[in-house]
Amino acid sequence: MLRSLFSILLAFVAALPLVPVESRAQDQGPNPLMVKHRSDCRLAAQVLITGEPRARREWARDYIANCENEGPPAIVQEWRAVSGDTASVIKVMRASTMIHDARIYEQVRAVALDRSRPDVVRVGAMHVLDNYVDPHHVGWFSAVPAAGREVGQVLPAGGVVTVRCHSPVR
């Protein structure tokens, strides 16, 4: 009985026409969403590295964190140019923590050690380095100036209004 069942099954399989199966992806061509993403990554990197077109700068700062290939050189450039503006520092920090790359790490480390950079920039760099040490660490970064003071403003006593990095208790 088992032998006859096996013979019938074998005859059925042998009777099936052998049709080559091709990948649906090959039939459809490249994924249009991936093509657009790669194009957007190239544009974001161009905007951040060259500064043109200027109208797309904010978009590029937000988008570059999604670009594994084009992102690191552009983020390194952003760290070189970031000013003491807290909003700018937070944007470059966000992008830096989303892509872990040796080039970004080296630039962020150099910024953290550079005493000529504004405190808000150095503290932001240290926060990014903390993320490289422990990517699962959850902390946040916010400006906490005294009333009537701006972050980075030199105080009469020689101090500087700085920022705080907050870390939850583990």
Quick check for you: to the nearest 0.5 Å, what is the distance between [X] atom [atom1] and [Y] atom [atom2]?
{"X": "K36", "Y": "M34", "atom1": "NZ", "atom2": "CE", "value": "12.5 Å"}
{"X": "R56", "Y": "R61", "atom1": "CZ", "atom2": "CZ", "value": "14.5 Å"}
{"X": "T97", "Y": "H127", "atom1": "OG1", "atom2": "NE2", "value": "7.0 Å"}
{"X": "I104", "Y": "E78", "atom1": "CD1", "atom2": "CD", "value": "11.0 Å"}
{"X": "E68", "Y": "H100", "atom1": "CD", "atom2": "NE2", "value": "12.0 Å"}

Practice task
State plainly whether the residues K91 and E58 are in salt-bridge range, i.e. N to O under 4.0 Å.
Solution key: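 Salt bridge: yes.
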Practice task
Look at the side chain of R117 and the backbone N and O of V82, then say whether any donor-acceptor pair between them is shorter than 3.5 Å.
Solution key: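 Present.
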Handout entry: Donor-acceptor pair, side chain of R122 and main chain of D114, under 3.5 angstrom
Key =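 Yes: the side chain of R122 pairs with the backbone of D114.
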Any side-chain heavy-atom pair from [X] and [Y] closer than 4.5 angstrom?
{"X": "P72", "Y": "I99", "answer": "yes"}
{"X": "M98", "Y": "N66", "answer": "yes"}
{"X": "R38", "Y": "V35", "answer": "yes"}
{"X": "W79", "Y": "E106", "answer": "no"}

How close do [X] and [Y] get, counting heavy atoms only, and between which atoms?
{"X": "A60", "Y": "A44", "value": "CB-O, 3.7 Å"}
{"X": "D40", "Y": "W59", "value": "O-CH2, 3.4 Å"}
{"X": "S96", "Y": "V128", "value": "CB-CG1, 3.7 Å"}
{"X": "P53", "Y": "Q46", "value": "CD-NE2, 4.0 Å"}
{"X": "E70", "Y": "A45", "value": "CB-CB, 3.8 Å"}
{"X": "A95", "Y": "A65", "value": "CA-CB, 3.6 Å"}

Problem - ring-ring contact (aromatic ring centres under 6.0 Å, His included) partners of Y105, counting only residues at least two apart - result: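 Testing Y105 for ring-ring contact (aromatic ring centres under 6.0 Å, His included), a comparison that skips the adjacent residues, returns Y132.
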Would [X] and [Y] show up in the same hydrophobic cluster when neighbours are defined by side-chain heavy atoms closer than 4.5 Å?
{"X": "L48", "Y": "V111", "result": "yes"}
{"X": "I64", "Y": "I49", "result": "no"}
{"X": "V47", "Y": "V76", "result": "no"}
{"X": "Y63", "Y": "I90", "result": "no"}
{"X": "L129", "Y": "V121", "result": "yes"}

Handout entry: M93/V108 under side-chain contact (heavy atoms from CB on, under 4.5 Å): CA gap, chis, key distance, verdict
Key = CA-CA 9 Å; M93 284 172 54; V108 169; over 6 Å; no
